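Given the structure is predicted, the values throughout are model-derived calculations rather than measurements. Naming convention: chains lettered A, B, ... in sequence-line order (proteins, then strands); numbering from 1 in each chain.
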Protein chains: 2
Amino acid sequence: MLELAVLGLLHESPLHGYELRQRLKATLGTFRAFSYGSLYPTLRRMRDAGWIAEDEGDAEVVAGAPALTGRRGKVVYKLTAEGKEHLAELLTDAGPSAWEDETFGVHFALFSQTDPEVRVRILEGRRSRLEERREGVRATLARTRARLDSYTLQLQEHGLESVEREVRWLTELIETERLKTTTTPRKAVPHSVRP
Amino acid sequence: MLELAVLGLLHESPLHGYELRQRLKATLGTFRAFSYGSLYPTLRRMRDAGWIAEDEGDAEVVAGAPALTGRRGKVVYKLTAEGKEHLAELLTDAGPSAWEDETFGVHFALFSQTDPEVRVRILEGRRSRLEERREGVRATLARTRARLDSYTLQLQEHGLESVEREVRWLTELIETERLKTTTTPRKAVPHSVRP
DNA sequence: CGGCGATGTATCGCCGCGATACATCACACT
DNA sequence: AGTGTGATGTATCGCGGCGATACATCGCCG
């Protein structure tokens with residue numbers, strides 16, 4: 001969700017819409033774009049919800065004819081106290097909502113702001129999610145293989161390999177993450193995962 | 001687009017909604033799901049547009065109390081003449097709309113119904129699209145590498161590798177496809193000489 | 001001195017998704 | 001005999017995101 005991404009970015013420094021978008025591209029890259037058609041409405045929604053506030057940066061408008069052209073200059077947004085609170089809350093969530101296709105990348109990109117334990121749980125959740133999908137594809141593939149033409153088959157198998165690659169990647173990440181937490185010992189608190 | 005997928009599937013045999021959905025999963029696999037929330041409205045739209053028609057399959061409803069529960073039984077859809085025409089038209093399109101993220105998979109899954117020349121052009125188009133993206137990612141990555149935390153960096157690099165892998169896959173496909181057209185000399189593209 | 005690409009804010013309609021509702025039927029478990 | 005569970009089947013609703021588009025300013029290069 002865009003909301004989380006914006007919260008995460010604004011946590012580092014106040015930004016205006018355009019810059020926010022650049023950062024999103026730089027941060028999420030191939031994973032997700034988030035067009036202006038999503039950004040601006042979301043920004044408004046978040047402002048109305050009280051998570052962010054407009055930080056009137058440039059009062060040096062003046063001169064020309066401000067009244068004629070209406071609002072000039074950039075609109076800089078910054079986190080409010082509630083926004084920070086909300087962000088912290090969202091970052092603790094290691095439930096299914098965090099390992100969905102669309103959301104995982106955002107959570108991952110914000111891992112440096114996330115609790116190490118939560119990180120591992122998200123990575124593991126994401127991995128099981130993908131393992132489920134892998135098994136699903138394998139099953140239907142085995143069942144329908146004969147009926148499929150070569151192109152569909154190739155598509156299926158390519159997709160399957162992509163998922164497998166993804167699982168491998170996650171496994172590596174989990175191991176590295178585990179190493180980190182074992183060398184920096186913390187008290188392991190088992191936590192139930194809500195559905 | 002769902003429309004094309006439905007057209008392509010119905011070209012082989014008449015199907016009802018549920019079965020159509022199963023086929024979509026089996027055909028597109030990891031690539032795309034297409035929920036009922038898209039399917040049924042699309043079906044209606046297509047029917048209204050005249051591409052498909054309801055092929056009242058089961059008249060053996062009767063007995064119980066048909067009037068009470070309203071419409072019983074499955075609604076089977078089949079291609080109309082216009083539908084076939086429209087499909088043929090869509091399958092000739094090798095323009096940008098065919099190599100977009102969301103559409104490419106559908107086009108690819110329907111390759112067995114597609115003209116060989118169009119196939120190659122779609123594959124090449126898709127590849128350039130991904131090469132562009134790859135260069136874009138490389139550029140922003142080179143520009144911002146220093147500013148990124150390790151997680152964001154890892155996400156970026158993983159994404160980059162995914163794109164690279166995709167490009168390799170497409171290159172292989174293009175080569176195979178080229179071999180096919182040169183070893184099976186169809187309706188004469190005369191000037192190309194094989195070494 | 002003219003145009004073009006980057007910066008900047010904003011809206012609109014469409015598409016697809018997930019959740020949800022409801023109904024029937026086969027089969028297994030108890 | 002009763003129960004429940006999973007597959008088959010049709011359908012709707014709200015919402016989040018996308019691509020296209022509009023419009024305005026600024027700085028730089030030719």
- For A:Y36 and D:dA20, what is the distance between atoms OH and C1' respectively, to the nearest whole Å? 14 Å

- Note on the structure: Sorted by number, residues from residues 6-23 of chain A placing a heavy atom under 4.0 Å from DNA chain C are A:H16, A:G17, A:Y18

- Message: Tell me every residue that passes salt bridge (Lys or Arg N to Asp or Glu O under 4.0 Å) with B:E157, counting only those two or more places apart in sequence or in another chain.
- Response: B:R145

Just distance, no hydrogens or angles: give the donor-acceptor pairs under 3.5 Å from side chains in residues 2-17 of chain B, sequence neighbours left out.
{"from": "B:E3", "atom 1": "OE2", "to": "B:H86", "atom 2": "NE2", "distance (Å)": "3.4"}
{"from": "B:H11", "atom 1": "ND1", "to": "B:Q113", "atom 2": "OE1", "distance (Å)": "3.2"}

- Compare the minimum distances between each of D:dG9, D:dT12, D:dC18 and the side chain of A:A33, then state the nucleotide with the smallest one. D:dC18

- Task: Tell me what B:L2 touches on the nucleic acid: a base, only sugar-phosphate, or nothing, going by heavy atoms under 4.0 Å.
- Result: sugar-phosphate

- Query: Between B:S38 and C:dC17, is there a side-chain N or O to OP1/OP2 distance below 4.0 Å?
  - Reply: yes

- Query: Are OP1 or OP2 of D:dT10 and a side-chain N or O of B:Y40 less than 4.0 angstrom apart?
  - Reply: yes

- Task: Please identify each residue that fulfils salt bridge (Lys or Arg N to Asp or Glu O under 4.0 Å) with B:D101, with sequence neighbours left out.
- Result: B:R126, B:R133

- Members of residues 124-145 of chain A that approach DNA chain C, where some heavy atom sits under 4.0 Å away: none

- For the side chain of B:R44, starting at C-beta, report the closest nucleotide among C:dT9, D:dC18, D:dT12. D:dT12

- Among the nucleotides D:dT10, C:dG16, D:dG17, whichever has the atom closest to the side chain of B:T42 is C:dG16

- Axial bend angle, the helix from C:dC1-D:dG30 to C:dT30-D:dA1: five-pair end segments, nearest 10°: 30°

